[in-house]
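Just below is one structure, and these are the notes that go with it.
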Amino acid sequence: MTSSAELRTAFLEFFRARGHEVVASSPLIPGNDPTLLFTNAGMVQFKDVFLGSDHRPYARATTAQRCVRAGGKHNDLENVGYTARHHTFFEMLGNFSFGDYFKREAIHFAWEFLTVVLKLPAEKLWVTVYASDDEAHAIWAQEIGVPVERIVRIGDNKGAAYASDNFWQMGDTGPCGPCTEIFYDHGPDVAGGPPGSPDEDGDRYIEIWNLVFMQFNRDESGTMHPLPKPSVDTGMGLERLAAVLQHVHSNYEIDLFVRLIAAAAAATNVRDLHSPSLKVIADHIRSTAFLIVDGIVPSNEGRGYVLRRIMRRAIRHGYKLGQNQPFFHRLVAPLVAEMGAAYPELAAAQDFVTRTVLGEEEQFAKTLETGMKLLESVIAELSGTVIPGEVVFQLYDTHGFPVDLTADIARERELSLDMAGFERAMEAQRARSRAASQFGTYRSDSIAVAGSTEFSGYTTLEDAGTIVALFRDGEPVEQLQAGEEGIVVLDSTPFYAESGGQVGDSGLLRTAAAQFTVSDCRKQGEGAFLHIGQLTAGQLNVGERVEAQVDAARRAAIRLNHSATHLLHAALRQVLGTHVQQKGSLVDAEKLRFDFSHAEAVTPAQLEQVERIVNAQIRANVAIETQLMDIDAAKAAGAMALFGEKYGDIVRVLSMGEFSTELCGGTHASRTGDIGLFKIVSEGGVASGVRRIEAVTGAGAYEWLHRLEQTVRGVAALVKGDAGSLESKVRALAERSRTLEKEVEQLKGKLASSQGGDLAAQAVQVADIQVLAARLDGADAKTLRDTIDQLKNKLHSAAVVLAAVEDGKVRLVAGVTADQTSRVKAGELVNFVAQQVGGKGGGRADLAQAGGTDPTQLDAALAGVAGWVAAQL
């Protein structure tokens with residue numbers, strides 16, 4: 001019985017021995033395809049190679065690629081746990097040829113691996129070919145020797161290739177070609193028919209390997225032209241193949257899942273190992289952990305939302321099993337034990353992943369408690385079988401309760417959701433948001449510019465360029481006049497265009513008779529630089545030469561802050577751990593802002609350590625060097641790249657000695673010493689698992705410290721001390737303040753006691769109960785509550801309302817003695833008064849509070865208390 005780990009190794013070694021480069025799994029965030037939410041197949045990292053825009057030093061490759069299908073077009077989330085082979089996370093084994101071998105070699109490799117290496121019985125294997133692919137059919141029948149009755153032609157011989165399961169295409173146009181698939185026959189004791197038959201969806205015949213032959217290039221008219229270098233892309237699910245070799249019919253019964261399911265059962269205190277919920281949890285910990293490893297953190301948008309959805313689905317299945325305490329994070333260690341050897345990055349990030357999962361569990365517990373109460377109350381009063389869209393929206397918008405979670409719960413109760421009503425509520429919210437954000441702002445995405453601008457700003461701040469386009473109000477024009485705002489596009493410029501977190505440059509464009517003040521510079525299209533600003537004098541025309549001059553002082557300050565972000569990133573990884581990854585940045589002339597992955601607040605001691613490390617690097621005054629390098633050579637040299645960023649073949653590598661090496665296209669200082677001083681001014685959370693540090697450098701750091709020193713001197717003067725004695729003086733004042741606050745509380749208590757005695761005489765008898773409604777203006781809420789307690793003790797059987805007015809606001813407290821709470825509720829009583837003074841409130845049957853905004857109606861409201869109590873009796 002071959003284990004999953006042994007199978008993975010055997011596959012890679014088989015193809016390594018046959019001239020294939022073993023390429024590491026790429027991250028789950030596609031680096032070269034913004035149309036994909038996640039890496040969902042082995043060919044994703046090679047897409048540009050197949051398209052011809054990327055070139056590798058090898059023509060054959062093999063991978064064990066981690067994949068996620070849980071969002072967008074490829075979404076298996078809802079089926080996970082309820083079928084034998086659906087997963088959110090799976091491993092795809094693949095071998096690839098980039099214009100090297102083609103159908104014959106690919107088919108022979110596949111057959112040899114399955115029948116010789118893995119020793120699968122040849123008579124158990126069926127194959128499919130595209131209906132018109134006679135070449136592949138002949139290889140299978142004549143060279144491999146598969147009986148023709150076990151070779152099934154799939155597809156439309158009349159040319160509808162795009163509609164066939166056995167014809168692959170990258171898009172509506174571009175590389176495409178026929179497929180051949182290999183199926184394993186589990187035997188007649190399992191229901192299902194062979195591929196291509198009416199019963200093909202059964203479990204008897206299981207597809208284990210798909211070989212794609214990229215043979216054509218489809219143009220816009222649909223015509224397919226033969227590719228000059230046909231290629232091969234194959235994919236085989238590791239979990240499916242392991243199930244075949246381990247003689248089980250479900251992927252969840254293979255060795256890897258059996259151990260994860262056992263760990264999930266232990267974490268949830270469940271004995272039934274066949275529970276679908278355990279399968280969900282075991283599957284979801286894999287996608288959860290690897291997504292976090294690749295830099296995704298739970299959030300309310302994009303990939304982070306999909307991760308949160310996966311995590312919360314697993315956590316809720318734990319709730320279904322009776323586990324109401326955090327448990328999901330306890331599965332990270334068992335997962336590392338299973339897969340850490342194959343994926344060292346998982347083992348390295350174990351602590352960070354565990355903390356991130358625990359944080360999400362704790363946050364979701366609060367969301368679930370609030371949302372479930374509301375949902376249960378709605379379901380209890382539901383007259384039909386459809387939960388109203390307004391309720392679904394309220395759960396989502398107000399309480400953060402995911403819509404898919406509401407749908408899961410509804411499905412379990414045999415209910416459905418009014419999704420049309422939900423969408424209407426969502427659209428109404430979007431309309432409100434759009435209306436609230438109607439303010440003037442520049443939008444570069446409305447500008448269409450052909451071509452690109454050459455950037456000379458790495459080496460100079462002044463340069464000449466030719467105007468290739470002008471825009472006014474978003475429309476192309478041939479000239480700009482003095483006083484007009486617009487956009488100037490040059491063929492060459494020293495102005496840095498906003499990117500990589502660094503803001504765009506400002507400065508001037510000049511001719512002999514004109515001056516254009518540049519307030520910002522941004523990129524558009526294929527790399528055109530848009531100089532945004534106002535023509536303050538003269539006239540500019542398309543085709544004119546201009547002198548471009550960057551604001552040198554502003555650029556210098558930006559450079560210092562940008563270089564400091566690289567030092568900060570390296571220092572954070574040194575202090576907090578290598579799980580720290582950049583999640584965003586903003587670098588301008590005043591400050592730097594750096595967002596990074598970390599599951600908890602950075603302690604003051606850790607911040608101080610980071611600050612000391614950065615300033616030590618500044619004092620070391622090492623050279624800041626940039627090199628243009630091949631992307632693979634840069635990564636081999638240890639340069640850090642941001643997940644999700646698209647890099648070209650040649651990249652800029654920024655190094656600060658041995659302390660920091662990263663890919664970066666921004667502008668930087670010449671030496672670390674130029675930064676002068678680095679000071680962190682704030683640290684806080686911006687999203688689940690994401691922290692933010694703001695800092696200042698150079699002159700900005702000096703000004704920040706100078707203002708702080710002035711503040712310290714001012715405070716010292718107020719407490720009649722100096723900077724040296726300030727701490728002891730302030731501590732003494734704080735202790736004195738706490739003592740006085742205690743004395744005030746004691747005096748208020750005495751006042752309440754004395755007032756309680758005086759007020760008790762104002763109570764009126766209503767049937768067999770004493771009723772009192774009075775004002776104690778100026779009293780705070782605690783004094784009102786204390787006085788209520790005094791009055792209840794004195795009156796024995798009573799209903800009391802006390803009110804106070806302060807700064808135009810009404811404060812109300814109501815109390816009912818224990819012997820009367822079955823007849824008179826304090827919450828209803830206080831609400832009766834509150835509604836008359838423009839407020840509302842509630843609380844327990846014996847004590848309740850409320851507020852109001854209309855003091856003019858207070859006396860009348862209090863006068864009606866006795867009548868209201870009488871009506872209750």
Q.
Using the side-chain contact (heavy atoms from CB on, under 4.5 Å) criterion, which residues pair with Asp351? Sequence neighbours excluded.
A. Arg355
Q. Cation over ring, Arg652 on Tyr458, under 6.0 Å and within 45°?
A.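 Judged by the rule (NZ or CZ under 6.0 Å from the ring centre, within 45° of its axis), Arg652 counts as positioned above Tyr458.
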Just checking, any donor-acceptor pair under 3.5 angstrom between side chains of [X] and [Y]?
X: Ser563; Y: His668; result: yes
X: Gln581; Y: Arg573; result: no
X: Thr787; Y: Gln790; result: no

To the nearest 0.5 Å, what is the distance between [atom1] on [X] and [atom2] on [Y]?
X: Glu662; Y: His569; atom1: CD; atom2: NE2; value: 5.5 Å
X: Met311; Y: Leu307; atom1: CE; atom2: CG; value: 5.5 Å
X: Ile29; Y: Ile296; atom1: CD1; atom2: CD1; value: 4.0 Å

Q: Applying side-chain hydrogen bond (donor to acceptor under 3.5 Å, both in side chains) between Thr667 and each of Gln502, His562, Arg559, report the one that passes.
A: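 Among Gln502, His562, Arg559, the one meeting side-chain hydrogen bond (donor to acceptor under 3.5 Å, both in side chains) with Thr667 is Gln502.
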So does [X] pair up with [Y], basic N to acidic O under 4.0 Å?
X: Asp551; Y: Arg555; result: no
X: Arg691; Y: Glu600; result: no
X: Asp859; Y: Arg775; result: yes
X: Glu735; Y: Arg731; result: no

Side-chain polar contacts of residues 692-699 - donor-acceptor pairs under 3.5 angstrom, sequence neighbours left out - could you list them?
{"residue": "Arg692", "atom": "NE", "partner": "Asp595", "partner atom": "OD1", "Å": "2.7"}
{"residue": "Arg692", "atom": "NH2", "partner": "Asp595", "partner atom": "OD2", "Å": "3.0"}
{"residue": "Thr697", "atom": "OG1", "partner": "Asn561", "partner atom": "OD1", "Å": "2.6"}

